[in-house]
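Below: one structure, written as C-alpha cells.
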Amino acid sequence: MDLSKNYIPASAEDKWYSHWLSKNYFTSRPDSRPAYTITIPPPNVTGVLHMGHTLNETVQDILIRKARMSGFNACWAPGSDHASIATEAKVVGMLKEKGIEKRDISRQEFLKYAFEWKEKYGNIIYSQIAKLGCSVDWNRTTFTMDEHYYRAVIKVFVDLHNKGLIYRGARMINWDPAAKTALSDEEVEHKDVTGKLYYVKYKIAATNNDAQSAVYNQDHIVIATQRPETIMGDTAVCANPDDERYRLLKGKSVLIPLIDKAVPVIFDEYVDKDFGTGILKITPAHDINDYNIGLKHNLPVVDTLNEDGTMSAAAQIYIGEDRFAVRKKIVEELRQKGLLVKEEEYTTRIGYSQRTNVVVEPKISTQWFLQMKKMSQPALGAVMSGHVSIHPGDKFTATYKYWLENVKDWCISRQLWWGHQIPAWYDEEGNVYVGETKEEAFEKYKIQNVKSKIENLQQDEDVLDTWFSAWLWPIEIFNGITSPGNDDVNYYYPTSVLVTGQDIIFFWVARMIMAGMEYMHEKPFSDVYFTGMVRDKQGRKMSKQLGNSPDLLELINQYGADAVRFGIMISSPAGNDLLFDEGSLEQGKHFNNKLWNALKLLKMWEEKIKLNGQQPIGKTETINSDFAITWFQNRLNEVRIEVDKLMKEFRLSEALKTIYSLIWDDYCSWFLEWIKPEYGRSVDQTIYDFAIDFFEDTLQLLHPYMPFITEEIYHLLREREDDLVVKQFRPVAAPVETVLQHGNMLKEIITAIRDVRNKNNIKPKDAIKLFIETQNPSLYRPLQQILMKQVNAEFIKFNTPAGNTALTIVVEKEKIFIEANIEIDVSAQKDKLLKDLDYLKGFLNSVDRKLSNDKFVRNAKPEVIELERKKKSDAEEKISMIEQSLQQ
RNA sequence: GGGAGCAUAGCUCAGUUGGUUUAGAGCAUCUGCCUUACAAGCAGAGGGUCCGCGGUUCGAACCCGUGUGCUCCCACCA
C-alpha cells in the first residue's frame, strides 16, 4: 500500500461523510435501545456558521457520537430558525437593491420573495454543518416555519389565549425604529454611554402676576435632561413635595421652551431632591418612569416620535427630522435663545436593539403579551430541584433563578411579515376573536353577530416573536404539539442534553423549560451545557467590524475538519470563554500527522512480515514485548475509565487532552518504541496484531472528536466491512496498579539515563554500560531488553560494582551506574546530585516538622500519619544513597 | 445600585470533601539531534511570592474575613 507522506484531509472527509450517510448511520428510529437525543439550537436561516456555532456543533457531535458508540440510539435533529427580524431585514435590503420598497408590495408578494430567498440561502448553513462532520439525522431537518411547525405555534397561541395567559393591551414597550417593530425586554442590550446632561430653563407661566417674585425672584426654573428633543412631549414638570425650593410653585404652570406650551407643576415622592436640579420634566410617551407618574397624575400622553424615529406632527417643530439630528438642533436653538444654562458630561446606560443596533425608544403601544408569572413557577422548580441540571451549574443557576423570579410579561407581537401571523381577527368595531383558523374565529364572532359574514373579519397584521416559536423546538421537532403522544415524541422526549451559548439562557433555555412543563408536563432536556463565547487571541469579541472572525470553510480547507474540531476543543473549558488561536488548529494538524505516521510505521512492519514471513524470536524478546503489551493494555483501560468519567461531567477538553497524551506519548513514544524490532528484522505477528488492536482502540476513543481521520485509518489498518462510527465500545476492565507502576518506573529510569546522556554529550550511537544496584533484580527481567534498547546500553549488570569513572543516578530506590566509552564530566553530575540532595533534605525537614509536632500526631488520621512516616523513611533512604554515591 | 464568577509558569488551563503538593499539563521558550514512521519530528531541560493582607487549623493553592484587579448578568434616577 502506498501511503502519502502526510495525511490529506479533504478526500477522506468527503468520502467518509457520504459513506456514513449512505449507510444511514445517522438516521434514528425508535427501538428497544435507550435514546440519546439532542436537538440542535437552530441557527438563523440567513446565516453562515461562525466560530461560536463551530464550537457548539462540535460539542454536540462529540456527545452524540460517543452515545452512538455506547449502546444508545443516538438522535441528533437538525434545523434552522426563520429569525423574523434578521431575515426580514435581509429580504428588505435585497428588495431595495432591486428597486422594490416593502411598502409598495403586498404581504403575499413579500412572503413569496422571502421564501425564494430562504430557498436560495437557507441551505448554506446545512452544508457547513456537514463539512464539519456533524452526525445529524438529515431526515429530521426542521424549519420553524414548516407547515406542521407553523400550526404548532398557532395552536399554542390559541391555547394560551384560551387559558387567559395571552392578552392584548397598550403598554410601554421597547420600540426599534430601524426594524419598526416592538421588541421584548430581552432583545434590548444596555450599553454604558457617555452622554450629556442639559440644563434647560422653563419659564414660569405668569398666571396670577405673583409667580415671578415668589420663586427667588426668578422667572424660570432649571430642569436637567438627557433628551432635549423630547421636551415637546412634556405634559408636566415634577418636584418632590418636601422640596422647599419648589413649594411655592404649587398650582402653577411652566412653559415648555421653544413651543411655549404651558404644563402644570406636579409633586411626587418619586423625585430625588438631590439629583440634578431636583425637578423633573415628565414625558409620559417616552420614558417608563414618566409614564407611570403620568398614569398616577392623569397626565395626557403626547407622542412626539414617528415609527422610524423622526419627529411626529405632535412635536410641532422639526417634524420629519431624525431624533438625534433634532437633539443637536434643539440644543443649538436653546443656546441661542439663552435657555441652555449648562451642559454636563454624564454616563448612563442606553438600550440598543440586539438586532439592528439602534437606540431603542420606549413607546406606548398596543401589543400582544404573554403573562409569565404562572408559567415561570414549574420552570423554576425543574432547575432548582436538579431535575434539569445546568453545567457549569454554580455560575448560571442563580442567574436563571433571579430572572424567573422577576420575570415580566413577554411582548410577543412584532410588526413584521416574516413569521407566524397572529391568529386573531378583528370585526369592524375592533373587537378581537382568537382562533386557529378564520373559521374558528368566525364561530366566536357569530355568537354575538348572527347575521355577519366571514369577510367582515380582518386578521391581525403582526407576527409572533421568533422565540415564541423557538421555545417549542424540542417538542415540535418530534411533532409533539401537532400530534401529541406520537411514537417519536414518546421515545425521544425529554431529550438528553441541550448545548448552547450562555447568552440565550433567558431568550430560549428558560422558555423551552416553560413550554416543556406546560405542554409535556416534563422537562425538555436533562442537562444544559453552556459553552462560552469564542473570542480572539486578545480576548476581543469576534465581529465583522474587527475582521477577527475567521471563515469556517477556509479553516477547514487549510487544516482539515478534524484539526478544526481538535483546535477548538483542546482549550475550551465548560462555560468559560474560548480564546480562539489558530495555533491550536496547527496543533490539531500535527496530531493528524502523528496518527498518520504511526499508521505508516505499522504498514511498514506489515510489509516486512509479508516479505520475510514469520521469524522466530528469542525468549527474552517475547517476555519484554509481553510486558509492553500488558502495560499498554492496562494504561488503555486506565485512560478509558478516566475519559468516560470526564465526558460524563462534560469536561470534554480534558478528555481530549487525556486521549491526545495516550496516543502521542503512551502509544507512539513508548509502546511502539518498546516493541520496535531491531533494524532489518520484522516484528512478530502476534505482537503486530496487538499493536493494531491497540491502535484501533485508541482511534475509537478519539473518534467522537476527530471522526474523519480515525475512520480513514481504521479502514487502512485492516480490510474490513464494519465502520468505526458505529463500533460499540467493549466493556472496560480495571487496570492493574502494579503493572502501571512498573511501567512508570521503567519510563522514569529511561528518562533519567537519557538526561545523563544528553548532558554529557554521549552520542546516540555510543553505547553505554549499566550497573544497577537493586533489591529486586527479578523486577527487571520483563523490561531489561526494553531498557537497553531505549537508552542504547550494551549490557546491564545487577548488583555488580561499576568502575570508578561511572556516573550515578538515583531513581526511586534504584541506584544506577552508567559507564561510557568516552570521557564524561563527573562534576556536572555531582551538581545535579547535590541539587537533588538539597531538595530532599528540605522535604525531609518539612515531614520531620510534622511528625515531631505533638498535635499532628494526636489529631491527624492514622493513614495520614502512616503516609508521612513512609515519606520520611523513603526520603532518608534516598538521601543516604545519594550521599554514598557522592563520596565515591 | 443589586447579583454572580474569576485571579495558579510567558499564554491557556488542571489541581477532585484541607494531608505523597517545597504545585501539574498543553502550547510557547532553551539545549542537543536530518537516529530508516514522523524536523508538522525525536531526546532532554529551564520556568511559579498559587493576586495582597489577616484569620481558622497540627497542617491552607484549597476553608473564613478583608483589600485589589478583571469578566459577566440584572436594574426605570432625570
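As a basis for the values below, the full set of heavy atoms in this structure was taken, side chains included, without hydrogen atoms, waters or symmetry mates. Residue numbers start from 1 in every chain, and the chains themselves are labelled A, B, ... in the order their sequence lines are given, proteins ahead of strands.
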d(NZ, A/Lys878; C1', B/U20) in whole Å: 12 Å
Pair of N/O donor and acceptor under 3.5 Å linking B/C38 base with A/Lys594 side chain: yes
Any strand: nucleotide that pairs with B/U35 via Watson-Crick or wobble, under 3.5 Å: none
Partner nucleotide, any strand, of B/A7 [Watson-Crick/G-U, under 3.5 Å]: B/U68
Distance, C1' atom - from B/C53 to B/U16, rounded to whole angstrom: 29 Å
Touch class at under 4.0 angstrom, heavy-atom based, for A/Ser661 against every strand present: nothing
Residues forming a salt bridge (Lys or Arg N to Asp or Glu O under 4.0 Å) with A/Asp755, sequence neighbours excluded: A/Lys759
Side-chain donor/acceptor contact of A/Gln587 with base of B/A28 under 3.5 Å: no
Along RNA chain B (nearest heavy atom to each residue), the more 5'-positioned of A/Lys861 and A/Cys668: A/Lys861
Electrostatic pair A/Lys363-A/Glu361, nearest N-O below 4.0 angstrom: no
Side-chain donor-acceptor pair present, A/Tyr199, A/Glu344, cut-off under 3.5 Å: yes
Sugar-phosphate only, base, or nothing, as touched by A/Val271 at under 4.0 Å among non-hydrogen atoms: base
